[in-house]
Amino acid sequence: MTDVTARDDDADVGALEGGWVQRRLSDSTGRATATQLVCRPDRPARLQSAIPAPEGRSLIARGGGHSLGDATLNDGGAVALTVRLDRMLSFDGASRVVEVEAGVTIGDILRTFLPRGHMPAACPAPGTATVGGLIATDSHGKNHARVGSFGDHVAWLDLITPRHGLRRITQEDDTALFGATIGGMGLTGVIARAAIRLVPAASAFVTVHHQAVRSLETLIENLSTAAPAHDYAAAWIDTLATGSAQGRGVVETADIASASRRTWTPMRSPSPPRAFLPQRTLNAHRFRRALRGRHSVLPLDRFLFQHDSTIRRHDDRPGFAQLQCALPAEGATAAVRRLLDITRRDGGALRAAMHVVGNEGRGLLSIARPGIRLTLDLPTTVATPNLMHRLERETLDRGGRIFLASDAHLTDHGFAAMYPRLADFRAVLADVDPDMRLQSDLARRLRLRDYVV
Ligand SMILES: Cc1cc2nc3c(=O)[nH]c(=O)nc-3n(C[C@H](O)[C@H](O)[C@H](O)COP(=O)(O)OP(=O)(O)OC[C@H]3O[C@@H](n4cnc5c(N)ncnc54)[C@H](O)[C@@H]3O)c2cc1C
């Protein structure tokens, strides 16, 4: 079987069945790296034969590799890359359910179905994130308050577990395993296929409005009012503004345009990164533009995946860490202020964004809980680990949770305190993977499986 395209940096590991090669992989910030055996099956049956991995190694799945920490790394183990499992299998127009392989991307689904009047309800970025990755992280977009997370729209999954092999699971028939797989970071098994419920799309455009706001209190208040009233809502905080401007930001709302005669041209690739102007200059420019009350009509994919170019930016400028946390609605303003204050002492966040989270997530390890989700992009320095641990303590004290897909620093005890359904999750793992064949660097760091070391 030759299901791996050899690359210059692949190391020959001798005659291994199944086309495995040794490869160094990194996370999407380029910071964490690990060396492991890698295979790239192009059919679900070949994916199935990758489990168990050769030489008794442990295994984890990797989709687009856009998670920002060590979730898709498995140092000394094995990784199954799913990007070649990229076929859309069927679509039922009456129920609007599309069946796809796990490596199909959210951008491909959007661009295929928009011209036919359908779209995924939750479209988390980036456009190259895969269905398997979005389910395993229970990611969500700027409309959680209205539609929930990606996992809320999954009708069924074909999951390969070490104990039971390939099985189709649904929420109704396999409640515990389904709940552990949504947001389960690939540790319950490898998703081979999934069925996703789409929603109607009136047009391929959104009308976007920006409102400049001068204080953090008003920003969060306006965002909380906007989220249930608009198709999409998010807020951006100018983290580098000082003095009387401190806490200012912009609320961005967007609604699907009811009808548009414009011709929609799907976005082919992310727009190029902007010139590296100082962040303070970019922030001030963004705020001033919003003060003029900007309105624009944008193609939906460009709006939803507007930060895709930052993937390349991070490639160019390694040294970026992210804190993404869900904070309870009560006390959210004080919590956000405190987290910003902590980062300010270390030079401030490069970017801060917020959106409103509606309901508790469907998955046992979903980050979603009613309140505010805050994202802080931080430049990495030698002080980053200490800073991240201070942010972790503060998040925990405020009743918040850190998103595993963007995390590289969370401690095992912090994680256990933030995720109250961890014991249920571990009970499912003990059933479907009693020999702990599914592992990742993230799982080891967080002692997610309660390791005996
Ligand atoms: C620029 C950018 C913007 C982002 N915006 C958002 C956003 O708007 N909202 C949000 O919630 N997140 C966001 N993220 C995070 C990102 O969407 C998630 O990490 C998403 O999971 C990435 O999908 P992926 O295919 O790259 O998954 P990967 O990074 O490859 O994998 C993520 C996790 O899923 C598991 N996994 C992957 N495929 C499978 C499979 N087939 N079976 C079982 N497990 C699997 C992996 O083991 C890993 O634990 C963003 C990230 C970037 C870089």
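- In terms of modelled atom types and a separation under 3.5 Å, the side chain of D377 and the main chain of R351 share no donor-acceptor contact.
- A donor-acceptor pair is defined here as one N or O able to donate and one able to accept, closer than 3.5 Å; no such pair exists between the side chain of R197 and the backbone of V98.
- With hydrogens and angles ignored, the 3.5 Å screen pairs a side-chain donor or acceptor of Y419 with a backbone N or O of I402.
- With respect to R398 and E394, a salt bridge is recorded, a charged nitrogen being found less than 4.0 Å from a carboxylate O.
- The cationic atom of R286 (NZ for Lys, CZ for Arg) lies less than 6.0 Å from the six-membered ring centre of W236 and within 45° of the ring axis.
- In this structure, D70 pairs ionically with R445, as a charged nitrogen and a carboxylate oxygen lie closer than 4.0 Å.
- For V357 against R373, the heavy-atom pair with the smallest separation is CG2-CB, 3.7 Å.
- Between the side chain of D255 and the backbone N or O of H230 there is no donor-acceptor pair closer than 3.5 Å.
- In summary, E101 and R84 do not engage in a salt bridge, as defined by a charged side-chain N under 4.0 Å from a carboxylate O.
- Heavy atoms only, all atoms of each residue included: L442 and L448 are closest at CD2-CD1, 3.7 Å.
- A salt bridge is absent between R248 and E217: the closest approach of a Lys/Arg side-chain nitrogen to an acidic carboxylate oxygen does not fall below 4.0 angstrom.
- Side chain to side chain, R57 and N74 fail the donor-acceptor criterion of an N or O pair below 3.5 Å.
- Annotation: the span from S67 atom OG to D407 atom CG amounts to 10.5 Å, rounded to 0.5 Å.
- Here the options are D346, L350, L391, the test is side chain to side chain contact (heavy atoms under 4.5 Å, CB included), and the partner is L378; only L391 passes.
- Using a 4.0 Å cut-off between charged side-chain N and carboxylate O, D424 and R421 make no salt bridge.
- The two residues A102 and I191 come nearest to each other via the heavy atoms CB-O, 3.1 Å.
- For H153 (side chain) and V147 (main-chain N/O), a donor-acceptor pair under 3.5 Å exists by modelled atom type.
- Taking the side chain as every heavy atom from C-beta outward, L81 and C39 never approach each other to under 4.5 Å.
- Looking at residues two or more places apart in sequence or on another chain, you find a ring pair (Phe, Tyr, Trp, His ring centres under 6.0 Å) between H209 and H295.
- Contacts classified as ring pair (Phe, Tyr, Trp, His ring centres under 6.0 Å) and involving residues 333-367 (residues at least two apart or in different chains) are given here: H140-H355.
- A heavy-atom distance below 4.5 Å is not found between the side chains of V213 and V250.
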Practice task
For side chain to side chain donor-acceptor pair (under 3.5 Å), just list the numbers for H389 and T411, CA-CA rounded to whole Å, side-chain angles, deciding distance to a tenth of an Å, and then say yes or no.
Solution key: CA-CA 8 Å; H389 292 145; T411 59; over 6 Å; no

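- Side chain of R338 to backbone of T333: no donor-acceptor contact under 3.5 angstrom is found.
- Side chain of R289 to main chain of H210: no donor-acceptor pair is present (N/O by atom type, distance under 3.5 Å, no hydrogens or angles).
- A donor-acceptor distance shorter than 3.5 angstrom exists from the side chain of R280 to the backbone of L240, with no hydrogens or angles considered.
- Atoms OG1 and CG, from T130 and D108 in turn, are 11.0 Å apart once rounded to the nearest 0.5 Å.
- A salt bridge links D174 with R167: the distance from a Lys NZ or Arg NE/NH1/NH2 to an Asp or Glu carboxylate oxygen falls below 4.0 Å.
- With D341 as the partner, the side chain to side chain donor-acceptor pair (under 3.5 Å) test is satisfied by one option alone out of R345, R344, R337: R344.
- Considering only heavy atoms from C-beta on, R163 comes within 4.5 Å of D431 through its side chain.
- Shortest non-hydrogen contact noted between P126 and F305 is C-CD2, 4.0 Å.
- Across L404 and L446, no two heavy atoms sit closer than the pair CD2-CD1, 3.8 Å.
- Rounding to the nearest 0.5 Å places CD of Q246 at 11.0 Å from CD1 of I237.
- Residues that satisfy the salt bridge (Lys or Arg N to Asp or Glu O under 4.0 Å) test with R437, not counting sequence neighbours, are absent from this structure.
- A donor atom on one side chain and an acceptor atom on the other are found under 3.5 Å apart for T188 and T181.
- By the 4.5 Å heavy-atom criterion applied to side chains, L157 and I135 are counted as neighbours.
- Of all the heavy atoms in D75 and Q36, the pair that sits closest is N-OE1, 3.8 Å.
- Checked by atom type and distance alone, the side chain of S440 pairs as donor or acceptor with a backbone atom of A443 at under 3.5 Å.
- In this structure, the side chains of S149 and H144 come closer than 4.5 Å at one or more pairs of heavy atoms.
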